[in-house]
Amino acid sequence: MGINQIIEESTVAQIKELFDLDVDRSKIVTQKTNPSFKGDITVVVFPIVKLVKKAPQEIGDQLGQALVNSLTEISAYNVEKGFLNLIVADDYWLNSFYDIRKSDEFGFVSVEGADTVMIEFSSPNTNKPLHLGHVRNNLIGHSVAEIVKASGKKVIKVNLVNDRGIHICKSMLAWQRWGNDETPDSTGKKGDKLVGDYYVRFDKEYKVEIQQLVDGGMDKKQAEKEAPLMLEIQEMLRKWEDGDDATRSLWSMMNGWVYDGFKSTYSRMGVSFDKVYYESETYLLGKEIVEKGLKDSVLVQKDDGSVWSDLSADKLDDKLLLRSDGTSVYMTQDLGTAVQRFQDFSLYSMVYVVGNEQDYHFKVLFMILGKLGYNWAENMVHLSYGMVDLPSGKMKSREGTVVDADDLMEEMVETAKATSEELGKLDSFSDQEATELYEIIGLSALKYFILKVDPQKKMLFDPKESIDFNGNTGPFIQYTHARICSILDKANIAEKNQQEVLIDSDKLHQKERQLIITLSNYPGIIQEAASTFSPALIANYVYELAKDYNQFYQAVSILKEADQTLVEFRVSLSSSVSQVIKSSMRLLGIDVPRRM
RNA sequence: GGUCGAGUAGCUCAGCUGGAUAGAGCAUCUGCCUUCUAAGCAGACGGUCCUAGGUUCGAAUCCUAGCUCGAUCACCA
């Protein structure tokens with residue numbers, strides 16, 4: 001039980017005792033004491049004033065006295081303008097610290113017998129390389145999966161690759177026509193980049209055709225529909241759906257190139273999946289479900305044969321589920337895929353990491369699933385994250401303003417290298433060690449930069465301004481960890497001994513006390529981050545912890561302390577901090593080096 | 001036009017289940033390396049929390065309206 005809980009429960013009991021009043025626990029508001037006052041936890045007296053009908057100061061005094069008397073955890077109190085500030089006993093914090101030392105994976109909850117959560121993220125198209133938007137998606141997805149796992153749920157990470165459709169045919173057709181049999185091997189180009197080039201090429205040629213038709217007097221919308229290239233890719237898609245050999249093999253070959261490219265991007269980014277779904281294998285799913293829904297009169301059919309879900313009761317537009325020709329749409333396939341996944345894996349819930357441009361889609365998807373009678377629909381989550389904008393606005397592939405994922409990672413690593421060399425820190429490293437370190441530092445700067453922002457908010461990225469390595473950044477946290485490791489190495493105290501260092505509470509330094517308080521917040525932060533799907537909470541937490549440690553490091557000497565017991569205590573405290581830093585950073589998908 | 005989301009320091013972001021004088025980092029300026037890694041620490045400067053009302057003992061936080069920006073509303077995916 002946390003200290004806030006202890007205080008809240010005891011406050012309820014003391015109010016009963018002192019004023020003979022039954023107060024609901026929810027009326028008791030505790031918060032961290034404002035740093036400009038003395039204390040750790042503050043009970044806000046105002047909500048109680050109305051019930052007790054006495055002056056805030058008087059209530060605060062009586063309550064404070066009663067809490068000090070009844071709780072060994074509370075050593076003193078003061079009352080300031082209706083705020084009862086409680087000072088938590090040093091012994092309580094020391095004991096919390098000893099508990100932390102004893103726990104195996106501090107803050108983590110066992111997943112034994114837990115519910116299973118499926119998390120879908122990444123979901124790229126196979127017609128262009130991954131860009132900054134995907135980077136945010138991937139990093140959030142990976143991190144949320146780690147966090148949810150740490151919070152005590154089983155997690156299955158899945159990717160749904162959009163490998164078919166009219167947009168995929170565009171790059172295929174362009175390559176067929178203008179490709180001259182180019183391959184990744186023949187050009188030395190990464191497969192996803194090569195295919196992406198032809199996607200862009202198609203668009204360019206298509207625009208020329210449209211312009212020609214418009215110049216010839218045709219309406220623009222009509223021109224877009226009737227341009228020869230448009231007609232050709234529609235024909236190509238039909239062939240693909242009919243299983244035409246030539247089309248299918250071209251498709252397989254080009255998708256294969258793309259997958260090779262993705263593989264290296266994912267690998268460098270450090271994300272992976274337990275299962276990869278391909279839309280070419282799932283796009284026909286959902287029809288039976290829709291037909292059953294029609295039979296059960298949950299859905300309606302129009303005269304032309306098309307099937308719809310009537311959402312007017314929920315003040316939304318009707319949603320098409322089957323076209324008049326019987327073919328399905330995106331929504332249909334999502335319905336089918338969801339149902340199949342819940343059956344296959346006995347899921348408790350499902351999280352879709354998808355940008356907020358699809359808010360409406362998921363709202364409707366979950367609503368229709370509910371209408372169709374799947375009661376797990378209420379456990380479905382759309383983890384809707386904001387777009388990454390550039391100073392110039394939205395990224396647009398056709399205008400060449402897209403920030404490429406591979407380029408971005410490479411630049412970060414290059415910057416890490418330049419910074420490290422400038423600081424001259426790595427002189428004792430071998431070339432290979434140094435190269436590995438640049439990778440770890442560069443990627444941490446990037447990942448932390450993205451993950452520290454609340455997923456729900458849109459974020460701004462300025463390619464001209466390089467991402468910082470000082471202050472609230474990944475490298476800063478890594479640096480703190482490396483400093484600790486350096487001390488641990490020099491201390492040369494067996495981990496076993498460290499676990500049992502007890503000190504008198506009057507020797508506890510203010511900064512040590514603060515560190516223990518911050519450490520003991522970790523389990524709560526993990527739970528909160530898991531329930532809100534927010535890696536940003538972990539990022540903010542670990543930054544706080546690193547800052548606290550650096551203050552401690554500055555304020556007291558660790559190895560040069562005369563009192564050997566204190567040396568060992570500080571080393572063990574440092575060790576715990578380094579473990580929690582490492583653990584938090586792992587939840588963010590970020591490595592921490594022992595030296596830097 | 002309907003719906004949804006966002007507007008906090010020069011910049012990037014915290015804080016939002018209502019609580020004390022709204023916090024960090026960057027940038028600018030000032031100190032601290034003969035002492036465990038200065039990618040650090042300490043300090044200064046910097047605010048009509050978009051605006052106007054309302055609820056409340058108390059509002060950046062909740063409600064209403066407006067302004068600005070974004071997304072979305074296809075027999076597209």
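Computed over heavy atoms, backbone and side chain alike; hydrogens, waters and symmetry mates excluded. Throughout, a chain's letter reflects where its sequence line sits, starting with A, and its residues are numbered from 1.
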Strictly under 6.0 Å, is that where the ring centroids of A:Tyr549 and A:Phe552 end up?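 Yes; A:Phe552 has its ring centre under 6.0 Å from that of A:Tyr549.
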
Between A:Trp240 and A:Tyr283, ring centroids under 6.0 Å: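 Aromatic pair counts; centres sit under 6.0 Å.
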
[atom1]-based separation of [M] from [N] [nearest Å]:
{"N": "B:rU55", "M": "B:rU64", "atom1": "C1'", "answer": "11 Å"}
{"N": "B:rC13", "M": "B:rU51", "atom1": "C1'", "answer": "23 Å"}
{"N": "B:rC73", "M": "B:rC29", "atom1": "P", "answer": "49 Å"}
{"N": "B:rU12", "M": "B:rC36", "atom1": "P", "answer": "39 Å"}
{"N": "B:rC33", "M": "B:rA38", "atom1": "P", "answer": "12 Å"}
{"N": "B:rA77", "M": "B:rG10", "atom1": "C1'", "answer": "41 Å"}
{"N": "B:rC45", "M": "B:rA22", "atom1": "P", "answer": "14 Å"}
{"N": "B:rG7", "M": "B:rA60", "atom1": "P", "answer": "15 Å"}

Nearest-nucleotide 5' precedence on RNA chain B, A:Tyr360 against A:Glu279: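 Mapping each residue to its closest nucleotide by heavy atoms, the 5'-most match is A:Tyr360.
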
Would you kindly compare A:Asn550 and A:Val329 by the position of their nearest RNA chain B nucleotide and give the one closer to the 5′ end?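 Upstream on the strand: A:Asn550.
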
With sequence neighbours excluded, what pairs up with A:Asp40 under the side chain to side chain contact (heavy atoms under 4.5 Å, CB included) test?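 Partners of A:Asp40 by the side chain to side chain contact (heavy atoms under 4.5 Å, CB included) criterion, ordered by chain and then number, come out as A:Ile87, A:Val88, A:Trp93, A:Arg513, A:Ile517.
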
With sequence neighbours excluded, what pairs up with A:Leu285 under the side chain to side chain contact (heavy atoms under 4.5 Å, CB included) test?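 In terms of side chain to side chain contact (heavy atoms under 4.5 Å, CB included), with neighbours along the sequence ignored, A:Leu285 is linked to A:Thr282, A:Thr337, A:Gln340.
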
Atom-to-atom span, [atom1] of [X] to [atom2] of [N] - whole angstrom:
{"X": "A:Leu320", "N": "B:rC73", "atom1": "CG", "atom2": "P", "answer": "14 Å"}
{"X": "A:Ile467", "N": "B:rC26", "atom1": "CD1", "atom2": "C1'", "answer": "13 Å"}
{"X": "A:Asn34", "N": "B:rA20", "atom1": "CG", "atom2": "C1'", "answer": "6 Å"}
{"X": "A:Lys319", "N": "B:rU72", "atom1": "NZ", "atom2": "C1'", "answer": "11 Å"}
{"X": "A:Leu488", "N": "B:rU37", "atom1": "CG", "atom2": "P", "answer": "11 Å"}
{"X": "A:Phe476", "N": "B:rC26", "atom1": "CZ", "atom2": "C1'", "answer": "14 Å"}
{"X": "A:Glu544", "N": "B:rG25", "atom1": "CD", "atom2": "C1'", "answer": "12 Å"}
{"X": "A:Tyr278", "N": "B:rA77", "atom1": "OH", "atom2": "P", "answer": "21 Å"}

Using purine N1 to pyrimidine N3 plus N6-O4 or O6-N4 for Watson-Crick, or N1-O2 and O6-N3 for G-U wobble, each under 3.5 Å, what pairs with [N]?
{"N": "B:rC62", "result": "B:rG54"}
{"N": "B:rG40", "result": "B:rC32"}
{"N": "B:rG25", "result": "B:rC11"}
{"N": "B:rC4", "result": "B:rG70"}

Whether [X] contacts [N] is assessed here as follows: a side-chain N or O lying under 4.0 Å from the phosphate OP1 or OP2. Is that the case?
{"X": "A:Ser486", "N": "B:rU37", "result": "yes"}
{"X": "A:Asn470", "N": "B:rG25", "result": "no"}
{"X": "A:Arg323", "N": "B:rC76", "result": "yes"}
{"X": "A:Arg483", "N": "B:rA38", "result": "yes"}

How would you label the contact of [X] with the nucleic acid (heavy atoms, under 4.0 Å): base, sugar-phosphate, or nothing?
{"X": "A:Gln478", "answer": "nothing"}
{"X": "A:Asn162", "answer": "sugar-phosphate"}
{"X": "A:Lys50", "answer": "base"}
{"X": "A:Tyr553", "answer": "base"}
{"X": "A:Ile441", "answer": "base"}
{"X": "A:Val556", "answer": "base"}

How are the rings of A:Tyr352 and A:Phe362 set relative to one another: parallel (under 30°), tilted (30 to 60°) or perpendicular (over 60°)?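 Aromatic pair A:Tyr352/A:Phe362 classed tilted.
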
What is the ring orientation for A:His361 with A:Tyr330, classed by angle as parallel under 30°, tilted 30 to 60°, or perpendicular over 60°?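 The rings of A:His361 and A:Tyr330 sit tilted, inter-plane angle from 30° to 60°.
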
Full working for side chain to side chain donor-acceptor pair (under 3.5 Å) between A:Thr518 and A:Gln514: CA-CA 6 Å; A:Thr518 305; A:Gln514 182 53 51; 3.2 Å; yes

When you get a sec, tell me which of B:rA71, B:rG25, B:rU21 is the closest nucleotide to the side chain of A:Lys81?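 Looking only at side-chain atoms, A:Lys81 lies closest to B:rU21.
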
Return the residues of residues 414-423 of chain A meeting this criterion: a heavy atom under 4.0 Å from some atom of RNA chain B. Order them by number, or give none.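 Nucleic-acid contacts, sorted: A:Thr419, A:Ser420, A:Leu423.
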
B/S/- along nucleotides 28-35 of chain B (protein heavy atoms under 4.0 Å) is -------S

Treating primed atoms plus P, OP1 and OP2 as sugar-phosphate and everything else as base, which nucleotides of nucleotides 13-19 of chain B get B, S or - for protein heavy atoms under 4.0 Å? SS-B--B

Examine the base of B:rA20 for any acceptor or donor lying under 3.5 Å from a partner atom in the side chain of A:Asn85, and report the outcome as yes or no.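 By the distance-only test, yes, there is a pair.
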
Suppose we call a contact any N or O donor and acceptor under 3.5 Å apart; does that hold for the side chain of A:Thr42 and the base of B:rA20?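 Yes, the side chain and the base share a sub-3.5 Å donor-acceptor pair.
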
List the residues meeting side chain to side chain donor-acceptor pair (under 3.5 Å) with A:Thr473, not counting sequence neighbours, and say none if there are none.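 Not a single residue meets the side chain to side chain donor-acceptor pair (under 3.5 Å) criterion with A:Thr473.
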
If only atom types and distance count, is the side chain of A:Tyr206 paired as donor or acceptor with the main-chain N or O of A:Glu224 below 3.5 Å?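 Checked: pair present.
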
Kindly determine whether A:Leu515 and A:Lys511 satisfy side-chain contact (heavy atoms from CB on, under 4.5 Å), including the steps that lead there. CA-CA 6 Å; A:Leu515 264 181; A:Lys511 298 291 183 190; over 6 Å; no

One pair to check against side chain to side chain donor-acceptor pair (under 3.5 Å): A:Ser171 and A:Asn127. What are the steps and the verdict? CA-CA 6 Å; A:Ser171 39; A:Asn127 59 358; 5.5 Å; no

Would you check, one step at a time, whether the test side chain to side chain donor-acceptor pair (under 3.5 Å) holds for A:Ser328 with A:Gln333? CA-CA 7 Å; A:Ser328 56; A:Gln333 134 188 346; 5.9 Å; no

For A:Asn159 and A:Tyr277: C-alpha separation, side-chain torsions, deciding distance, then whether side-chain contact (heavy atoms from CB on, under 4.5 Å) applies. CA-CA 6 Å; A:Asn159 188 0; A:Tyr277 290 90; over 6 Å; no

Straight-line distance of A:Ile147 CD1 to A:Thr532 OG1, nearest 0.5 Å: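 If I round to the nearest 0.5 Å, the distance is 8.0 Å.
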
B:rC33 glycosidic torsion: syn (within 90° of 0) vs anti: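 Syn, which is what one calls it when the glycosidic angle falls within 90° of 0.
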
Under the criterion side-chain contact (heavy atoms from CB on, under 4.5 Å), I'd like the reasoning laid out for A:Met387 against A:Asn356: C-alpha separation, chi angles, the key distance, then a yes or no. CA-CA 7 Å; A:Met387 297 290 104; A:Asn356 61 12; 4.0 Å; yes

